[in-house]
Amino acid sequence: MAVEICVKAAVGAPHVLGDCPFSQRALLTLEEKDVSYKMHLIDFSNKPQWLLDANPEGKVPVIKFEEDGKWVADSDVIVDLLEKKYPDPSLATPTQFSSVGSKIFSTFVTFLKSKDASDGSEQALVDELKVFDEHLKAHGTYVNGENICAVDLSLAPKLYHMEVALGHFKGWTTPETFTNLLNYMKLLFSRKSFEKTKAAKEYIIAGWEPKNKWVSSKINSSVHGTKKEAVTWFQEWRNVQEVMIDKGHGERRLLTNRWSKPSPGWVKINTNAAIFEEMNSVGLGCVARGDMGEFLMARASQYRGCLTPREDEALSFKQAIC
């Protein structure tokens with residue numbers, strides 16, 4: 001086929017379409033434009049070497065066109081390329097509508113991860129949905145009126161994740177007063193392209209589970225229980241930092257694992273990475289100190305794409321030495 005695309009496979013089910021909303025966005029665009037394609041499901045726990053050879057960062061979605069022969073990452077870039085290569089039917093979004101609904105996903109994630117019912121995160125999401133509902137009321141069925149466009153295909157998977165994840169973890173549903181939004185979601189979710197490319201609800205729930213394990217299990221804990229849990233976690237952290245070594249003759253000594261200065265004339269660089277899977281991005285950081293422990297420099301950056309923890313650490317190390 002002229003087009004090949006790599007998307008995330010479901011966790012624990014490598015032969016089933018996974019829960020990445022950015023992958024679904026790319027697939028939706030292909031389906032709406034009626035472009036034939038070959039789909040590769042990528043198991044994040046065991047990424048194939050051919051993908052890493054072609055795309056060392058291992059990001060998804062990535063797409064390849066036969067005439068180019070190169071894998072291209074980033075759903076924004078992919079959608080733009082598809083619009084240029086396959087302009088009919090057009091999914092182009094007018095500039096004035098390009099940012100409509102752009103804050104819905106981030107406010108949904110904040111509310112989903114919130115452990116404090118009074119922190120305003122729910123209201124922030126409701127406010128964003130209200131603004132979007134009013135836009136639909138003023139402009140028509142979809143963001144750009146009666147015809148579906150790229151922004152709709154970007155929002156559809158995110159709204160689906162919102163509905164499934166918040167319904168499961170918080171028992172929350174979209175307010176009934178947002179009739180335009182509810183109708184919009186119903187229309188999007190019933191499209192043939194969406195039905196074909198959506199992840200099963202159980203895989204969406206499984207995908208968000210690690211981010212909400214503490215919230216779902218501890219949200220109703222008492223003050224005493226929360227304090228006890230915090231003390232336990234702190235002790236576990238100390239256990240990781242401290243190691244007992246055997247000096248022989250029955251004597252043991254406690255070693256504390258702390259930062260130490262590099263050898264004279266050397267520089268020590270500490271690196272770290274943080275995965276924000278729901279935002280399809282990775283945060284990288286490094287700090288350099290001299291042989292007296294003095295601060296020399298620090299650097300932080302963000303990469304878009306879903307990677308494994310080992311790959312994220314490798315990228316952080318690469319950033320530190322380049």
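Just so we're clear, the structure is a prediction, and the values are computed from it rather than from any experiment.
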>> Are Leu136 and Phe178 packed together at the side-chain level, in the sense that at least one heavy-atom pair is separated by less than 4.5 angstrom?
In response: no
>> I need the Phe132 CZ to Asn180 CG distance, nearest 0.5 Å.
In response: 10.0 Å
>> Tell me if the CD atom of Glu176 is crowded by more than 12 foreign heavy atoms within 6.0 Å.
In response: no
> Can you name the nearest heavy-atom pair linking Trp266 to Pro262, along with the distance?
Replying inline: O-CG, 3.5 Å
> To the nearest 0.5 Å, what is the distance between NZ (Lys47) and CD1 (Ile42)?
Replying inline: 8.5 Å
>> Does the Lys NZ or Arg CZ of Lys198 fall within the cation-pi geometry relative to Phe189 - under 6.0 Å from the ring centre and within 45° of the axis?
In response: no
>> Within this structure, what is the OG1-NZ distance for the pair Thr110 and Lys113, rounded to the nearest 0.5 Å?
In response: 7.5 Å
> How far apart are the closest heavy atoms of Val60 and Ser23, and which atoms are they?
Replying inline: CG2-OG, 4.1 Å
> Between Ile148 and Leu188, is any pair of side-chain heavy atoms under 4.5 Å apart?
Replying inline: yes
> Counting heavy atoms not belonging to Lys201, are there more than 12 under 6.0 Å from its NZ?
Replying inline: no
> What's the shortest heavy-atom distance between Asn144 and Asn147, and which atoms?
Replying inline: CB-O, 4.2 Å
>> Among Glu4, Lys64, Glu31, exactly one meets side chain to side chain donor-acceptor pair (under 3.5 Å) together with Tyr37. Which residue is that?
In response: Glu31
> Would Asp76 and Arg25 count as a side chain to side chain contact (heavy atoms under 4.5 Å, CB included) if you check the C-alpha gap in whole Å, the side-chain angles of each, and the deciding distance to 0.1 Å?
Replying inline: CA-CA 9 Å; Asp76 286 336; Arg25 177 194 181 190; 2.6 Å; yes
> Do Val79 and Met39 belong to the same hydrophobic cluster, where Ile, Leu, Val, Met, Phe, Trp and Tyr are linked whenever their side-chain heavy atoms lie under 4.5 Å apart, directly or via other members?
Replying inline: no
>> Between Lys85 and Glu67 (salt bridge meaning N to carboxylate O under 4.0 Å), is one present in this structure?
In response: yes
>> Please give the remaining members of the hydrophobic cluster of Val16, linking ILVMFWY side chains under 4.5 Å, ordered by chain and number.
In response: Tyr203
>> Let me check something: do Leu129 and Leu182 share a hydrophobic cluster, defined by ILVMFWY side-chain heavy atoms less than 4.5 Å apart, either directly or through other members?
In response: no
>> Tell me the closest heavy-atom pair linking Ile78 and Pro61, and the distance in Å.
In response: CD1-O, 3.5 Å
What donor-acceptor contacts under 3.5 angstrom involve side-chain atoms of residues 94-105, with partners at least two apart or in another chain?
| from | atom 1 | to | atom 2 | distance (Å) |
| --- | --- | --- | --- | --- |
| Ser98 | OG | Thr95 | O | 2.9 |
| Ser102 | OG | Ser99 | O | 2.9 |

>> Is there a side-chain contact between Val62 and Leu51 in this structure, where contact means two heavy atoms from C-beta onward sitting under 4.5 Å apart?
In response: yes
>> Any heavy-atom pair between the side chains of Asp74 and Lys59 that's under 4.5 Å?
In response: no
>> Run the side chain to side chain contact (heavy atoms under 4.5 Å, CB included) test on Leu91 and Tyr86 for me, step by step, so that the C-alpha distance in whole Å, both residues' side-chain angles and the decisive distance to 0.1 Å come before the verdict.
In response: CA-CA 10 Å; Leu91 294 174; Tyr86 306 97; over 6 Å; no
>> With a 3.5 Å distance limit and no angle check, can you tell me whether Lys8 reaches the backbone of Leu17 through a side-chain donor-acceptor pair?
In response: no
> If you round to the nearest 0.5 Å, how far is CG of Leu284 from OG1 of Thr271?
Replying inline: 9.0 Å
> Is the number of heavy atoms from other residues, nucleotides or ligands under 6.0 Å of Asp53 CG greater than 12?
Replying inline: yes
> So, does Asp133 use its side chain to make a donor-acceptor pair with the main chain of Leu181 at under 3.5 Å?
Replying inline: yes
> Where is the tightest heavy-atom contact between Thr174 and Trp172, given as atom of each residue plus distance?
Replying inline: N-CZ3, 3.7 Å
> Using 4.0 Å as the upper bound for N to carboxylate O, is an ion pair formed by Arg191 and Glu32?
Replying inline: yes
>> Can you give me the closest heavy-atom contact between Pro14 and Leu41, atom names plus distance?
In response: O-CB, 3.7 Å
>> If we ignore hydrogens and angles and just use 3.5 Å, is the side chain of Asp68 paired with the main-chain N or O of Lys70 as donor and acceptor?
In response: no
> On the ring face of Phe194, is Lys196 found with NZ or CZ under 6.0 Å from the centre and within 45° of the axis?
Replying inline: no
>> For the CD1 atom of Ile5 and the CZ atom of Phe65, what is their distance to the nearest 0.5 Å?
In response: 8.5 Å
>> Pair Ser114, Asp116 - check side chain to side chain donor-acceptor pair (under 3.5 Å), show working.
In response: CA-CA 6 Å; Ser114 171; Asp116 182 357; over 6 Å; no
> What about Val7 and Ile63, same hydrophobic cluster or not, with Ile/Leu/Val/Met/Phe/Trp/Tyr joined at side-chain heavy-atom distances under 4.5 Å?
Replying inline: yes
> How far apart are the C-alpha atoms of Phe111 and Val126, what are their side-chain angles, what is the distance that settles it, and do they pass the side chain to side chain contact (heavy atoms under 4.5 Å, CB included) test?
Replying inline: CA-CA 10 Å; Phe111 175 40; Val126 171; over 6 Å; no
> Distance from Glu209 atom CD to Ile205 atom CD1, nearest 0.5 Å?
Replying inline: 8.5 Å
Donor-acceptor pairs under 3.5 angstrom involving side-chain atoms of residues 150-163: please list them, not counting sequence neighbours.
| from | atom 1 | to | atom 2 | distance (Å) |
| --- | --- | --- | --- | --- |
| Asp152 | OD1 | Val143 | N | 3.1 |
| Asp152 | OD1 | Tyr184 | OH | 2.6 |
| Asp152 | OD2 | Cys149 | N | 2.8 |
| Ser154 | OG | Lys158 | NZ | 3.3 |
| His161 | ND1 | Trp208 | NE1 | 3.0 |
| His161 | NE2 | Asp19 | O | 2.9 |

